[in-house]
Amino acid sequence: MTFAEQAQLGESFVGLGADAAHINTALGRTGGPVELAWITSLATPRMGFAPFVTVLAPNLPVKPYTLFVNKAAIANETHGLLTWGAAQAGVAAGVADAVADHIIPVEEVDNLRIIVAVWVNPEASDEQAVFVNNRTATCRALQAGADLSPDINAILTARAKPQNPFFSGVQ
């Protein structure tokens, strides 16, 4: 089977409080449904949401080409700077880490596209924490997609007491 013959979907939540990162990834082959969604999203920005190509530096897009999609509308100047700055840099570094760590085969980077949906809390304030959390969460989400994680047994076990950072679970 060719790497990413089917779309790989991943999720990761890293960090605490307002500076935490919640990442969702979709990785797929060029010419497939992920690329179609990638191009469609790039071509259809809307108020507060402007998908863009993730870069490691100006004129140096990360490979596989990665589309950054913010999940929270930009609330204020600080939130915008953290989203387009630290979070975007973290996503780019996380994708590069996934390639360096062989989660994504280096010989496949030109044949793949990634969409990363990124949550930056409008109350976030620590630029370094936002960067590190998004870097780690991006790489972990790509690993989860490659591993087809989570295992169904973990899902079935957790169904009795769902919880997340905003909900402490069923009593």
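Keep in mind that this is a model prediction, so the values were computed, not measured. Position 1 is the first residue of the sequence; numbering continues from there.
At least one donor-acceptor pair under 3.5 Å links the side chain of T157 to the backbone N or O of N153. Remark: the backbone N or O of D126 is paired with a side-chain donor or acceptor of D19 at under 3.5 angstrom. Panel note: side chain N70, backbone G48; a donor-acceptor pair is recorded below 3.5 Å. T138 contributes no side-chain N or O that, together with a main-chain N or O of G94, makes up a donor-acceptor pair within less than 3.5 Å.
Linking ILVMFWY side-chain heavy atoms closer than 4.5 Å, directly or via other members, places L142 and V99 in a single hydrophobic cluster. Cluster annotation: V130 is not connected to L81 through the hydrophobic network of ILVMFWY side chains, with a link wherever side-chain heavy atoms come within less than 4.5 Å. In the hydrophobic cluster analysis, where Ile, Leu, Val, Met, Phe, Trp and Tyr join through side-chain heavy atoms closer than 4.5 angstrom, F131 is grouped apart from W119. Taken together through direct or relayed side-chain contacts under 4.5 Å among Ile, Leu, Val, Met, Phe, Trp and Tyr, I104 and V34 form parts of separate hydrophobic clusters. If you chain together hydrophobic residues whose side chains sit under 4.5 Å apart, L60 and F52 fall into the same group.
Side-chain contact between V55 and V62: absent, with no pair of heavy atoms (C-beta onward) separated by less than 4.5 Å. Residues I114 and V95 meet the side-chain proximity criterion, which asks for heavy atoms closer than 4.5 Å. Contact annotation: the side chain of I115 never approaches that of S41 to less than 4.5 Å [non-hydrogen atoms, C-beta and beyond]. Two residues are said to be in side-chain contact when any heavy atoms from C-beta on lie closer than 4.5 Å; F68 and P51 fail this criterion. Using a 4.5 Å heavy-atom threshold, the side chains of T30 and L112 count as separate. A 4.5 Å side-chain heavy-atom check between V116 and N24 finds every atom pair outside the cut-off. Using a 4.5 Å cut-off on side-chain heavy atoms (C-beta onward), K71 and V118 make no contact.
The aromatic rings of W38 and Y65 sit perpendicular, their planes meeting at an angle over 60°, well past the 30° parallel limit.
Residues F13 and P165 share a closest heavy-atom pair of CZ-CG, 3.3 Å. Closest of all the heavy-atom pairs between G10 and A144 is CA-CB, 4.4 Å. What you find for I103 and C139 is that their closest heavy atoms are CD1-SG, 3.7 Å. Pairing each heavy atom of L9 with each of A26, the nearest pair is CD2-CB, 3.8 Å. The shortest non-hydrogen separation linking T66 to P64 is OG1-O, 2.7 Å. In this structure, A75 and P122 approach most closely via the heavy-atom pair CB-CB, 3.7 Å.
In this structure, the separation between CD on Q143 and OG on S12 is 11.0 Å, given to the nearest 0.5 Å. Annotation: the span from Q8 atom CD to S149 atom OG amounts to 12.0 Å, rounded to 0.5 Å. To the nearest 0.5 Å, atoms CG (N134) and NE2 (H22) are separated by 11.0 Å.
Within the structure, salt bridge (charged side-chain N to carboxylate O under 4.0 Å, His left out) pairs that include any residue of residues 87-113 comprise R29-E108, E35-R113, K63-D110, D97-R135 (at least two apart or interchain). Applying the side-chain hydrogen bond (donor to acceptor under 3.5 Å, both in side chains) rule to pairs touching residues 77-92 yields nothing, sequence neighbours excluded.
The neighbour count for L16 CG, taken as heavy atoms of other residues, nucleotides or ligands under 6.0 Å away, does not exceed 12.
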